[in-house]
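Within every chain, numbering begins at 1; the chains are lettered A, B, ... in the order of the sequence lines, protein sequences first and strands thereafter. Every heavy atom of this structure was used, including side-chain atoms; hydrogens, water molecules and symmetry mates were not.
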Amino acid sequence: MPELPEVETFVRALRRPLLGRTIIDLRNDWPRHIAQPAPDELAARIAGRRIEAIDRRGKYLVFTLSDDETLVIHLKMSGHLSVVPGDAPPDPYAHTVFLLDDGGELRFRDPRKFGRVYLLRDPDGVLGPLGPEPLADDFSAEALAAALARRRRVLKPLLLDQTFIAGIGNIYADEALFDAGLLPTRHSHTLTPDEVAALHAAIRKVLALGIAREGASISTYVKPDGQKGDMQNAVAVFRRTGQSCYVCGGPIERIVLGGRSTHYCPNCQH
DNA sequence: ACCGGAGCCTGTTAGC
DNA sequence: TGCTAACAGGCTCCGG
């Protein structure tokens with residue numbers, strides 16, 4: 001389940017093999033992978049475009065192409081991107097493949113087919129609704145405090161709301177709440193200034209740790225080179241139901257909030 | 001404005 | 001040990 005740190009890991013690994021390359025063609029065996037525009041139009045418009053920059057916005061990968069085109073990819077649950085030689089063994093799960101001018105391929109592997117590809121002249125149409133980047137300099141505790149007070153919502157589902165903050169998914173939401181010592185069932189407008197400060201620091205801490213450890217290989221995620229990340233060895237609560245809390249020794253509990261499994265320590269979080 | 005549920009998918013896991 | 005059924009999970013859409 002790629003979240004901000006996992007997507008950032010892809011972005012960093014893809015820059016070296018892709019920057020300066022030109023996309024010459026597209027292969028697709030699952031048309032629903034292409035969200036926008038229609039697959040044949042996307043193929044026609046992307047051919048001949050050079051990859052000039054690769055960045056991340058929330059959980060989206062953003063490829064700035066020549067001629068003011070932007071390729072946007074969301075990996076959703078099981079998406080994976082890698083650059084391989086053209087004669088690499090075929091991958092039945094690589095539903096969308098970008099052919100490169102050096103003979104290589106950018107493969108979008110996606111067993112569950114939840115991922116989406118966009119080719120946009122104005123990426124704001126897709127990226128515009130996203131909330132602030134939690135690792136950006138202008139994401140301050142004061143800004144978070146104001147945003148929390150404005151919405152009266154349960155913390156866990158709110159952290160997963162991409163229009164509130166961009167990039168946090170189920171793993172890092174649970175980890176951030178544990179690190180901040182806050183129960184996932186707390187309501188956003190009830191946090192004290194100290195609690196907001198703790199949450200702000202915790203969000204940035206766990207995301208930065210996830211990036212440093214190149215992502216959490218808990219379900220299907222692996223790095224572009226196929227190797228596992230290392231963040232799964234540093235989680236405090238996620239999918240540790242019944243196991244001992246590393247801080248107090250008590251059992252980690254699991255509840256469902258907003259339809260998502262939620263893990264926390266009832267002793268350490270208040 | 002917010003919440004809950006269905007739907008999209010298929011590999012993995014739980015339960016018999 | 002082998003099978004089937006439920007689950008996971010980001011996000012969108014719908015109805016309340």
Side-chain angles (χ1 to χ4, degrees), chain A residues 1-10 28-36 39 56-62 72-81 91-96 108-118 120 123 125-131 133-134 146-177 184-190 207 210 215-222 226 228-229 231-232 235 237-243 252-264:
Chain A
M1 58 211 90
E3 305 178 22
L4 187 156
E6 288 76 25
V7 176
E8 181 67 26
T9 301
F10 278 108
N28 172 267
D29 69 1
W30 182 255
R32 299 183 64 168
H33 233 185
I34 314 290
Q36 204 179 316
R56 179 193 56 71
R57 180 75 175 93
K59 301 175 193 172
Y60 290 88
L61 290 106
V62 182
V72 174
I73 296 179
H74 198 303
L75 301 172
K76 292 285 182 83
M77 293 298 303
S78 61
H80 180 271
L81 294 166
D91 179 349
Y93 295 119
H95 298 301
T96 301
F108 184 7
R109 172 189 167 86
D110 189 17
R112 290 188 200 170
K113 301 177 174 173
F114 278 24
R116 291 294 179 263
V117 176
Y118 307 79
L120 306 163
V126 170
L127 307 178
L130 293 175
E133 281 295 321
L148 286 167
R150 210 178 310 127
R151 315 215 192 177
R152 314 183 145 238
R153 293 182 58 186
V154 175
L155 275 184
K156 170 67 186 280
L158 183 58
L159 289 180
L160 295 178
D161 183 342
Q162 299 301 298
T163 69
F164 184 71
I165 299 174
I168 300 176
N170 213 25
I171 297 175
Y172 295 92
D174 283 3
E175 293 301 311
L177 288 168
T185 49
R186 287 285 298 277
H187 286 260
S188 57
H189 60 287
T190 68
L207 292 174
S217 293
I218 289 178
S219 55
T220 61
Y221 166 80
V222 290
K228 287 186 176 184
M231 183 62 189
Q232 67 278 9
V235 297
V237 289
F238 189 75
R239 294 224 186 144
R240 294 195 65 245
T241 311
Q243 298 179 43
I252 302 301
E253 294 198 3
R254 174 187 182 274
I255 57 175
V256 174
L257 282 180
R260 311 243 86 89
S261 63
T262 299
H263 315 77
Y264 69 104

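Distance F114(A) CZ to dT12(C) P: 13 Å, rounded to the nearest Å. For the pair K59(A) NZ and dG9(C) P, the computed distance is 11 Å after rounding to whole Å. In this structure, M77(A) atom CE and dT10(B) atom P are separated by 13 Å, rounded to whole Å. A straight line from NZ of K113(A) to C1' of dA8(C) spans 18 Å, rounded to a whole angstrom. Rounded to a whole Å, the CD1 atom of I165(A) is 14 Å from the P atom of dC11(C). Distance, H187(A) NE2 to dC3(B) C1': 12 Å, rounded to whole Å. The interatomic distance linking R32(A) (CZ) with dT10(B) (P) rounds to 10 Å, in whole Å. The interatomic distance linking R109(A) (CZ) with dT10(B) (C1') rounds to 12 Å, in whole Å.
Salt bridge present: E133(A) and R56(A) bring a charged side-chain N and a carboxylate O closer than 4.0 Å.
Proximity of Q162(A) to the phosphate of dG10(C): no side-chain N or O atom is located under 4.0 Å from OP1 or OP2. The side chain of Y93(A) contributes no N or O atom lying less than 4.0 Å from OP1 or OP2 of dT10(B). Using a 4.0 Å cut-off, no side-chain N or O of S78(A) falls inside it from OP1 or OP2 of dC9(B). Remark: R239(A) is not in phosphate contact with dC7(C), judged by side-chain N or O atoms under 4.0 Å from OP1 or OP2. For R112(A) and dG11(B), the shortest distance from a side-chain N or O to OP1 or OP2 is not below 4.0 Å. OP1 or OP2 of dA8(C) sits under 4.0 Å from a side-chain N or O of R254(A). Phosphate contact (OP1/OP2 of dG10(C), side-chain N/O of H74(A), threshold under 4.0 Å): absent.
Contact between L159(A) and I168(A) at its shortest, heavy atoms only, is O-CB, 3.5 Å.
Interatomic distance, Q162(A) CD to H74(A) NE2, rounded to the nearest 0.5 Å: 6.5 Å.
The nearest heavy atom of DNA chain B to R260(A) and to R150(A) marks one nucleotide each, and the one closer to the 5' end goes with R150(A).
F164(A) comes within 4.0 angstrom of nothing in the nucleic acid, heavy atoms only.
The R153(A) side chain lies nearest to dC2(B) when the options are dC2(B), dG10(C), dC9(B).
If you check the side chains of E6(A) and Y172(A), you find a donor sitting under 3.5 Å from an acceptor.
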Exercise for review: List the steps, then state whether side-chain contact (heavy atoms from CB on, under 4.5 Å) holds for Y93(A) with D110(A).
Suggested key: CA-CA 6 Å; Y93(A) 295 119; D110(A) 189 17; over 6 Å; no
